[in-house]
Amino acid sequence: MVGCSIFQLLVSAFFLCSFFQQPAHALKKSYIVYLGSHSHGQNPSSADLESATSSHYSLLGSLLGSHEKAKEAIFYSYNRHINGFAAVLEEEEAAELAKNPNVISVFLNEVKKLHTTHSWQFLGLEKNGTIPKDSIWEKARYGEDTIIGTLDTGVWPESKSFSDEGYGPVPSRWRGHGVCQFGTNNSHKVLCNRKLIEAQFFIKGYEAAAWGKVNASLYTTRDTEGHGTHTLTTAGGNFVPGASVSGYGSGTAKGGSPKARVAAYKVCWPPINTTAGGGCYDADILAGFEAAINDRVDVISASIGGPPTYMYQDPIAIGSFHAVANGIVVVASAGNEGPDLGTVSNIAPWIFTVAASTTDRDFRSYVSLGDKKHIKGSSLSAKGLKKFYPLISAEDAKLPNVQPDQAKICLNGTLDPNKVKGKILVCLRGETNRIDKGIQASRGGAVAMILANDVSNGDDTEADPHVLPAAHVTCKDGEYVYSYINRTKNPGSYMTKPRTELGIKPAPSMAVFSSRGPNTIIPTILKPDITAPGVNIIASYSEAASPTDPTPSKYRIPFDILSGTSMSCPHVSGIVGLLKTFHPDWSPAAIRSAIMTTATTLDNSNGKIEDSDLAHQATPWHYGAGHVQPDLALDPGLVYELNTFDYLNFLCASGYNKSGLLKLFYDKPFTCPKSYNVADFNYPSIAVRLGLNPVNISRTVTNVGPPSTYYVVARAPEGLQIFVQPNYLRFEKTGEKKTFHVLFQPAGWPKHQDTLFGELWWTDGKHRVRSPITVTRIKF
Ligand SMILES: *[C@@H]1O[C@H](CO)[C@@H](O)[C@H](O)[C@H]1NC(C)=O
Ligand SMILES: *[C@@H]1O[C@H](CO)[C@@H](O)[C@H](O)[C@H]1NC(C)=O
Ligand SMILES: *[C@@H]1O[C@H](CO)[C@@H](O)[C@H](O)[C@H]1NC(C)=O
Ligand SMILES: *[C@@H]1O[C@H](CO)[C@@H](O)[C@H](O)[C@H]1NC(C)=O
Ligand SMILES: *[C@@H]1O[C@H](CO)[C@@H](O)[C@H](O)[C@H]1NC(C)=O
Ligand SMILES: *[C@@H]1O[C@H](CO)[C@@H](O)[C@H](O)[C@H]1NC(C)=O
Ligand SMILES: *[C@@H]1O[C@H](CO)[C@@H](O)[C@H](O)[C@H]1NC(C)=O
Ligand SMILES: *[C@@H]1O[C@H](CO)[C@@H](O)[C@H](O)[C@H]1NC(C)=O
């Protein structure tokens, strides 16, 4: 895709375009120095904390020559769970520190980006506006005992989604102190309540990244961008009747765990300094993890990420390692870098990584061309057209001296109002905000806009609150419109007012923007893990943010419709919250396994889930285990368990103990196993690499249901044979574990295919415990 992906623009405004600009004067830069775990365990005393911080000063002081200099350089000392610090250093100093045997890694404090009403019905939690008695919501008491924290752009505390009416006291295990930072504007604690139980901001990483202290009036957790409010309410927002965006999609808004308590950790900042840009800095992300772990949230939802990165220098991987070791589930977005393969980020095996797909709802505006052709478009425009109007391609409406390519995408200043006035303008998607194209059309005097997808966006159309009647059409339909204009003397068109349509088939289909596998960092772990609704999601918004951002306008709405893996991630976080309430003793791995093994790969027309990019079958590289089915996740039958030692063994086998660093991940004596096969790592999905010889792997399942006997079904693709041993597992009691082996044998690998997809599942007639399989050919 050219320049900034429009999806990311929609959810993250300026972030993408501007964060590459590094100030020229920066001799010193801010770094994170990661030291692994603390020896003080999980309940440090204040003396422990002081001693940890003091050890950071000593470590750096011995390099800089004095304790004082170290104190000045360090702006975060991570002294509770994560062991490390963030400091402003010279490049040579950073390199020197990296050689210290007590240091795991040193990396630059860089920027990461931010990656309703109906989606829960699509997931089966409601039926026809009512909640069935057997819904996971009823069974799991709407997640009332769960605490969900987000690392994001903060929160709009006045949103009705944070009403605490009828809420009892906060669960006693909560260790937060009711920190409720909303700046000088309203510093009193009244903005937090029994629903929104914590609001903290972390900005030192942003400031240290080069631009110095920002105006103290900005020291607030208040969300001025909308993203954080949207994600937090999607995960855990309370019921709000009558939610809609300009009258569309109206219904009761709520999160996945509507009765959960929520905590906002603001680690992402708007472009406060427009030269510098905005984003989420590594040092602030780590500080957010520290606070959330310390407060004892149950779920951390992180709709942020960077490019795929090695785990020891990725703050999200590091922060979530410590969170998971403390029993917290970490859910993160896969990224919005699709449709290219190998783009999935947040790939660590302890993270729950979420892709994005559509629901069966769209906001449709129909276009009728003069040749009687009818085309479906998506839109949230307030109006349609009453009659037929002439149609013109933006390319044909360009000013003299303007490049046709620039006019075609309706850039500001490229269109001739004399040509546009009174017509329907056709703009091509790309480079600028979709809503901005409508603003340019409107400024030129157009009565309406047809927004045509470019090739890279395929069939992904977005319903946006445009300022004029508009319809966003697929690439194929867009090409039809262009060719109709080319071959017609007086082209014209009509456009209906958008209306909400439900039951659209096929759905879900994978969003074009959703980042895809394979996992380029750890090929033996399939990522993403799961897909959930992430297209046209309605949730609460910040009333300080304009939905036409980055184009300024006075338009404000309490709810907005957004798309991104940023939106699918909190859906899964909300579902995790329900499982946590229902099964308070389950490990993060068991909860993830339950959600993965009960997912489906079928859509609502009983076909295989499609990829919106090419309208053919999607694969585990798009959706991992498949589309989430919350009701089934409550009772998965069997789970694939993993604990901290499994993760450490995995790190050993993945070469993370070169130069003896591994002991620092973990504070107690631990020895890497002599032989450990990463292929045996007990992940709920299976990704193997296969050469000429067969590969034999193992997995262990734990029975979380009643006594039962499970039989295996394995589906091998053509060119591969899969044998499972034994082929049945008899469980006498709950909690019992059984190990099985899977043998992969090449059988005439098809030409031109480097990866084959299969699946296996265990079933006792009642449960179906399914694992996706990817087999990649090792080339010689
Ligand atoms: C949904 O509810 C409406 C009335 O509330 C009823 O007329 C309709 O038949 C119901 N549809 C289904 C599929 O149950
Ligand atoms: C101050 O708080 C009020 C609501 O209490 C809000 O409307 C306003 O935007 C806030 N101002 C800033 C600068 O955050
Ligand atoms: C900081 O922001 C406040 C409120 O917007 C403004 O009144 C003040 O002048 C600003 N201070 C500086 C130093 O820019
Ligand atoms: C904004 O950042 C640039 C560097 O990117 C810096 O030169 C400038 O002083 C900053 N402006 C303010 C107002 O902080
Ligand atoms: C378009 O560009 C002009 C300057 O060339 C600027 O004044 C105006 O605000 C821009 N308008 C929009 C809607 O972007
Ligand atoms: C329509 O004609 C223009 C030139 O006027 C050309 O650039 C464009 O490719 C044509 N489009 C189609 C779909 O034929
Ligand atoms: C890691 O490697 C070092 C040698 O480089 C070894 O002494 C140490 O025992 C290993 N750590 C573990 C956990 O096995
Ligand atoms: C796979 O390995 C296990 C244990 O190492 C062994 O028991 C089993 O027989 C092997 N399966 C095959 C088909 O080689």
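Numbers here simply count residues along the sequence, with the first being 1. Numbering of ligands and ligand atoms starts at 1, following listing order.
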Check for a donor-acceptor pair, side chain of T763 on one end and backbone N or O of G765 on the other, with a separation under 3.5 Å.
yes
If you define the side chain from C-beta out and look only at heavy atoms, does anything of V299 sit under 4.5 Å from F352?
no
**Prompt:** What class does the angle between the rings of H322 and Y34 fall in, given that below 30° is parallel, 30 to 60° is tilted and above 60° is perpendicular?
**Reply:** perpendicular
Of N696, T739, L743, the one whose closest heavy atom lies nearest atom 10 (C) of ligand 8 is N696
Item to complete: Ignoring hydrogens and angles, tell me if any N or O in the side chain of D145 forms a donor-acceptor pair with the backbone of T581 under 3.5 Å.
Response: no
protein heavy-atom neighbour closest to atom 4 (C) of ligand 8 works out as H741 CE1, 3.4 Å
of all protein heavy atoms, closest to atom 8 (C) of ligand 8 is Q725 OE1, 3.5 Å
